[in-house]
Amino acid sequence: MIGLSGTNNRWMRGAAGAAIVVAATVLSAPGSAVATTSAPAPAQLSPQDRDEMLADHNRARAAVGVPALVWDDALAAEAQAWANDPASTAGGELRHKEPFEARNRHGENMSGAPPADATDQWVSEKAGYDVNPMDPATGHYRQVAWNTTQRVGCGARSGAPIRGAGWVTVCRYDPPGNWPGQLPYPA
């Protein structure tokens with residue numbers, strides 16, 4: 001279960017703006033119309049969410065002397081597609097697209113927190129990293145800080161059927177990090 005203590009309400013702007021009810025008119029036969037209403041549209045990253053997530057990543061990287069990342073729209077499109085896919089939350093749990101070994105083309109972090117809080121959640125794992133850098137519980141932080149990663153792109157969806165905040169936030173990284181037996185940056 002994802003803990004959200006200490007989060008802020010920056011995410012509310014994106015969530016409120018994205019929870020739009022769309023009304024559509026469907027013509028079922030000539031001269032007749034049936035009005036239907038869809039469910040709230042899933043939230044996606046706003047330009048402000050994107051800028052804040054990139055800045056949060058780069059602050060964490062600068063703190064350990066690792067070069068800044070740049071935003072990659074293709075990675076963001078992949079991340080958004082996975083966030084929107086029901087398989088990403090199958091069984092009420094966050095699910096990576098594929099096992100790491102099969103998807104080593106890109107790194108991936110996932111969170112049940114809203115976009116404005118996801119990076120902070122991953123970076124909070126640094127406390128455990130400082131105690132034991134190879135602790136599996138610090139994998140999100142290691143990917144954020146991986147020194148050879150150059151690009152990041154993220155996507156998000158609200159209303160996800162998972163415990164916690166009901167979000168799925170996904171970031172993809174290129175080149176990937178978290179290689180077994182390797183540290184993300186020199187000690």
Side-chain angles (χ1 to χ4, degrees), residues 1-8 10-11 45 48-83 85 88-89 93-157 160 162 164-165 167-187:
M1 181 163 197
I2 309 280
L4 295 176
S5 62
T7 61
N8 61 44
R10 287 190 297 179
W11 70 274
L45 289 182
Q48 183 175 356
D49 289 333
R50 179 198 63 218
D51 294 346
E52 288 175 357
M53 288 189 83
L54 182 60
D56 290 345
H57 274 80
N58 285 333
R59 263 191 301 281
R61 293 172 66 85
V64 293
V66 176
L69 298 174
V70 296
W71 189 262
D72 186 292
D73 287 332
L75 290 174
E78 287 180 20
Q80 186 64 55
W82 185 239
D85 191 319
S88 70
T89 55
E93 301 287 333
L94 292 174
R95 307 262 183 217
H96 286 287
K97 183 155 177 74
E98 301 164 352
F100 180 75
E101 293 77 21
R103 69 173 163 77
N104 62 15
R105 194 173 121 225
H106 297 129
E108 179 177 84
N109 275 349
M110 295 183 72
S111 174
D117 298 326
T119 306
D120 292 338
Q121 183 184 58
W122 300 327
V123 172
S124 74
E125 295 175 2
K126 185 177 186 315
Y129 175 88
D130 289 342
V131 173
N132 177 5
M134 300 312 284
D135 182 345
T138 65
H140 300 104
Y141 169 73
R142 286 194 313 266
Q143 179 57 79
V144 167
W146 202 265
N147 68 344
T148 58
T149 298
Q150 299 169 1
R151 293 171 293 285
V152 64
C154 306
R157 169 173 61 108
I162 60 171
W167 281 83
V168 57
T169 300
V170 179
C171 287
R172 294 278 172 89
Y173 301 86
D174 185 61
N178 272 341
W179 294 105
Q182 296 181 28
L183 294 176
Y185 51 86

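The basis for the numbers below is simple: all heavy atoms, side chains too, and nothing from hydrogens, waters or symmetry mates.
Between Cys171 and Gln143 the shortest side-chain heavy-atom distance does not fall below 4.5 Å. Arg105 is not listed as a side-chain neighbour of Pro176, based on a closest heavy-atom distance of 4.5 Å or more. Within the 4.5 Å cutoff, no side-chain heavy atoms of Thr148 are placed close to those of Tyr173. Proximity of Met53 to Thr169: side-chain heavy atoms (C-beta onward) are separated by under 4.5 Å at one or more points. At least one side-chain heavy atom of Asp174 sits less than 4.5 Å from a side-chain heavy atom of Leu75. Within the 4.5 Å cutoff, the side chain of Leu69 has heavy atoms near those of the Leu54 side chain. Using a 4.5 Å heavy-atom threshold, the side chains of Met134 and Leu183 count as touching.
Asp120 contributes atom CG, which lies 9.5 Å from atom CD of Glu52 (distance to the nearest 0.5 angstrom). Residue Arg172 holds its CZ atom at 8.5 Å from CE of Met110, rounded to the nearest 0.5 Å.
Judged by distance alone, with hydrogens and angles left aside, the side-chain atoms of Asn58 form no donor-acceptor pair with the main-chain N or O of Ala68 at under 3.5 Å.
Annotation: side-chain contact (heavy atoms from CB on, under 4.5 Å) contacts of Val66 (sequence neighbours excluded): Arg61, Val64, Asn147, Tyr185.
Closest approach of Tyr141 to Glu125, counting heavy atoms only: N-OE1, 3.0 Å. Across all their heavy atoms, Pro115 and Trp167 have their closest contact at CD-CZ3, 3.3 Å. Closest approach of Ala60 to Val144, counting heavy atoms only: CB-CG1, 4.2 Å. Between Gln80 and Leu45, the closest heavy-atom pair is OE1-N, 4.1 Å. Here the shortest heavy-atom pairing between Glu78 and His106 reads OE1-ND1, 3.1 Å. In plain terms, the two heavy atoms of His140 and Asn109 that are nearest each other are O-ND2, 3.1 Å.
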